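None of the values given here were measured: they were computed from a predicted structure. The basis for the numbers below is simple: all heavy atoms, side chains too, and nothing from hydrogens, waters or symmetry mates. Naming convention: chains lettered A, B, ... in sequence-line order (proteins, then strands); numbering from 1 in each chain.
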Protein chains: 2
Amino acid sequence: MSTRTSDRTDRTTATRTLERELSTLIRRLKRVVAERASEVHPDLQPAAYWILTHLEHHGSQRAATVADHLELDKGAVSRHVQHLLDLGLLDRSPDPDDGRATLLSLSEDGARRLSAVDEHRRQWFDEVLGSWDDDELAGFAGDLSRYNRTLEQARAVRDAARP
Amino acid sequence: MSTRTSDRTDRTTATRTLERELSTLIRRLKRVVAERASEVHPDLQPAAYWILTHLEHHGSQRAATVADHLELDKGAVSRHVQHLLDLGLLDRSPDPDDGRATLLSLSEDGARRLSAVDEHRRQWFDEVLGSWDDDELAGFAGDLSRYNRTLEQARAVRDAARP
DNA sequence: TCCAGATGGTTGACGAGTGCAACCAACGAG
DNA sequence: CTCGTTGGTTGCACTCGTCAACCATCTGGA
């Protein structure tokens, strides 16, 4: 497939494709997530869904940590958390180690609803990604992780260079 | 790497990773694009940048076609196009085949500015993705394309089923 | 020929989402 | 104790996308 010429042009094409594909991906995914979120709870805002899954994966955390991991403004996180608390999907308890902070974690209801949707999502992915075998899927997920880590490093370098 | 067990669990993990990685990717990319857009023109809105690159890639098109390809509301496209016209990055000419429609294309200035940034972007990707060799990059871009096409099909099926 | 419906495009209203900055409360090092 | 830092909340501004109403134009059929 590769011509092994390995010149600038090949790379430019690849990166341009990357950029364009990612753009359509973003739009498509936004819709998918909106749907997924509404499955968890009819009134759940899509963006808050990410916070929910993040806490599902990482366990109890303070809001600042979530904001840092998700690279979100702490104000945005604060609002989403409030929203999630209103819906009863999250529990908040004071951090015993720091009087300012509070620890966020899934509520029982939140965990239940999320795992119910986990199952549904697996079915959806199975249906949609049926043509991908396990290795391909794992490879793609791995590439994505690597790409993310690359971007993260680039960001860290940039942040460090900028006082 | 793969255990060849090929059971449900593997797949669930992969899809969950996929979902999470994609979410952080979206947020990161939003920043990158915002930066790229402002390089093209200080007042260029990030979302309009996609329309610009789309026209760069596909040539002259009417707004409705752009909206269809980018899966955007025609109202949104209309606004972005107006914005791009104001900035002088786009040209608009009446469609000779249809009195209602207008054909959009890059203006000379738009093309020049975009290609200037193309070069800059290549440098950026080279710097950031330096650890990826050509085949890996091409493979990743290919996977993304495939994933997009998969999502597109899923959407088409869904739309068809829904009157 | 003329009318009804479809289509291209514009616009206004609205809600989601986010960053920024100001602010308060609590921490921690000097 | 004081000062700078950090966790969190809130108001403001702005981008963005969707929905719906609207006008102009095209198109097929009576």
When you measure from the side chain of A/His54 to the backbone N and O of A/Ala67, does any donor-acceptor pair fall under 3.5 Å? no
Is the backbone N or O of B/Gly88 less than 3.5 Å from a side-chain atom of B/Ser107, with the two atoms forming a donor-acceptor pair by type? yes
Rounded to whole Å, the CG-C1' distance (A/Leu70 to C/dG19) equals 15 Å
Rounded interatomic separation in angstrom, taking NZ from A/Lys30 and C1' from D/dG17: 8 Å
Straight-line distance of B/Arg79 CZ to B/Asp73 CG, nearest 0.5 Å: 8.0 Å
Between C/dT18 atom P and A/Ile26 atom CD1, what is the distance in whole Å? 13 Å
note: B/Asp95, atom CG; D/dT27, atom P; distance rounded to Å ~ 11 Å
Rounding to a whole Å, what distance do you find between A/His69:NE2 and D/dG7:C1'? 15 Å
Expected output: side-chain B/Glu35 to main-chain B/Val32 donor-acceptor under 3.5 Å: no
A/Leu72 atom CG is separated from D/dT9 atom P, nearest whole Å, by 14 Å
Ranking A/Gly99 and A/Ala48 by the position along DNA chain C of their nearest nucleotide, the one closer to 5' is A/Ala48
Strictly under 4.0 angstrom, non-hydrogen atoms only: write out the protein contact profile of nucleotides 3-16 of chain C, one letter per nucleotide from the 5' end, B, S or -. ---BBBBBBBB---
Which whole-number value in Å describes the distance from A/His80 NE2 to D/dT10 P? 14 Å
Using modelled atom types and a 3.5 Å cut-off, is there a donor and acceptor pairing between side-chain atoms of A/His83 and backbone atoms of A/Gln45? yes
Rounded to the nearest Å, what distance is computed from the CD atom of residue A/Glu71 to the C1' atom of nucleotide C/dG19? 14 Å
Report yes if at least one side-chain N or O of B/His83 is closer than 4.0 Å to OP1 or OP2 of D/dT15; otherwise report no. no
Relative to each other, are the rings of A/Phe140 and B/Tyr147 parallel, tilted or perpendicular (30° and 60° limits)? tilted
